[in-house]
Amino acid sequence: LSLYTEFMDTTTPPTSTVINKKILIVEDDNGLAQVYETRLIAEGFTTRRVSNGEEALSAAQAFRPDLIMLDVMMPRINGFDVLDILRNTNEVANTKVIMLTALGRPEDIEQAKQYGITDYLIKSQVTMSEVVAKVKSALGLA
Amino acid sequence: MGGGATKLVNKTIDQSLEQERLKTLINNMSDGVVTMDDELNVIHYNGFALNILNLNYDITGKDLSQLMRLINKDLKSVTLEDIAMKTVSTTISRDYRLVYEEGDTANLYISLTRVTNGNGTVGEENAAQGFTLIFHDITKEKSLEEEREEFISVISHELRTPIAIAEGDISNSQLLYERGGDPNMIKSALEEAHKQVMFLGGLVNDLSTLSRAERDKVEFTPTDVDFIKLLNELQHAYSSEAETKGLKLQLSLPKTLPTIKSSELYVREVLQNFITNAIKYTDTGQVAVSASPSDDYKSIIVDITDTGIGISTSDQAKVWEKFYRSENYKTREHSGTGLGLYVVTKLVKIIHADIKLTSALGKGSTFTVTFANLD
């Protein structure tokens, strides 16, 4: 497994309130990942962004996020596999996870719940403000 | 002969005429019809039933559940007996598939009705007098339904992602503006939102071309197409797009080309798709377009060659699938919808063009399109 990681530079947020929480964004659609990251930085979070399952696993270990926003549909190792491995890895087993699904198929949500996710969101059915609200509520900041 | 006897004879004639009518009706139905006793042994059947079952012998007296190998939605084997057991009055289903000896399958519409005598109810003695099965092959309808469902699901996904990104970018710009954030960040978020909206516009355009193409399968009149003029126009239209990526869009044409009859609109649409795709998937080098007449001077061959990322052998077969986008990590950075090539395959069918692809991962691709003269 390659430990190749290409983390984005975290730029200074244009806000005075810095929140001491780290969020790992795992999303293979570059545009969507970028938009989440821009917003979370603006909201005062520290973020990292990766685009596949392998990078997600190594970033979870190295970055130790408070919360992972995890896409389901990714090439090779998908979101469920990542979640399964995370839940079975001691150091990161309790990391909060918000699952991102594209179509919100009930079977996907059911499967994700079995793995113990904190919350899920159906991309495109939520506005950016709702995404932020879910993140904050998962971290007990709301 | 007394009046009573005449009446009786007339009644018998009426009855046999009635029976003939029914027989003719059943035999001419475009559904398979089989009547059975309560153990599913065949009493009557029509020709269409044999057609669907692909049998060519008399099935009278045979157990129909032995003659019909059925599978359900989950591909599990089901017998007609299973269905009959669960049938209180009528079972109608579009979910069973008939399995032929050679392993082919056909989707069936099945309507199985319990025939009861008078008002007897199931379970009582003499209640079930047998069954009537009406069925027909709905394979074609099913595959159209599936295709439509898949199309709608893929389309909604393809529409949703850019909408989500655009919404996010606009929402972020608002937030940044309210907080007096960096104007450059606001600018780039708005630029991204704009890009996504333009992309959606292109997608909607592709969809409307697609629906026009579906219609034109039926009606379309070929006209003269001047390839030299058309290719020059395309080079002019896409040179700047290539140049912004540092690419050269080269065009090499012979002095003359035969004028062929086709659809200028569709030829343009097809070539445009190949040229824009080539530009999109090439980071350095060039996109070269060349045209030549076929050996018999009846068709025109256009090659579009790029020095791009290429297409792996395993992906080549999938290139024509609707919306297909390679899962290859590197290629995912390009936000193609994949709808383009699907539209191309539809148009190509209408204008009887032929496409060949030569490519290897990392070695670039050549698409060769042969346009037929539809005169």
Enquirer: Do you know which two heavy atoms are closest between Ile165(B) and Val35(A), and how far apart they sit?
Expert: O-CG2, 3.7 Å
Enquirer: How about Tyr120(A): does its OH atom have over 12 heavy atoms from other parts shown lying under 6.0 Å from it?
Expert: no
Enquirer: In chain order, what residues pass the salt bridge (Lys or Arg N to Asp or Glu O under 4.0 Å) check against Arg268(B), with sequence neighbours excluded?
Expert: Glu233(B), Glu264(B)
Enquirer: Kindly give the heavy-atom pair with the smallest separation between Met128(A) and Gly168(B), and that separation in Å.
Expert: CE-CA, 3.6 Å
Enquirer: Give, as side chain, backbone, both or neither, the part of Leu175(B) having an atom under 4.5 angstrom from any heavy atom of chain A.
Expert: side chain
Enquirer: Which heavy-atom pair separates Thr38(A) from Asn172(B) by the least distance, and what is that distance?
Expert: CB-ND2, 3.7 Å
Enquirer: Work out which heavy atom in Ala42(A) is nearest to a heavy atom in Leu176(B); give both atom names and the distance.
Expert: CB-CD2, 4.2 Å
Enquirer: Does CG belonging to Asn88(A) count more than 12 external heavy atoms closer than 6.0 Å?
Expert: yes
Enquirer: Would you mind checking if Glu167(B) and Lys123(A) are paired as a salt bridge, meaning a charged N to carboxylate O distance below 4.0 Å?
Expert: no
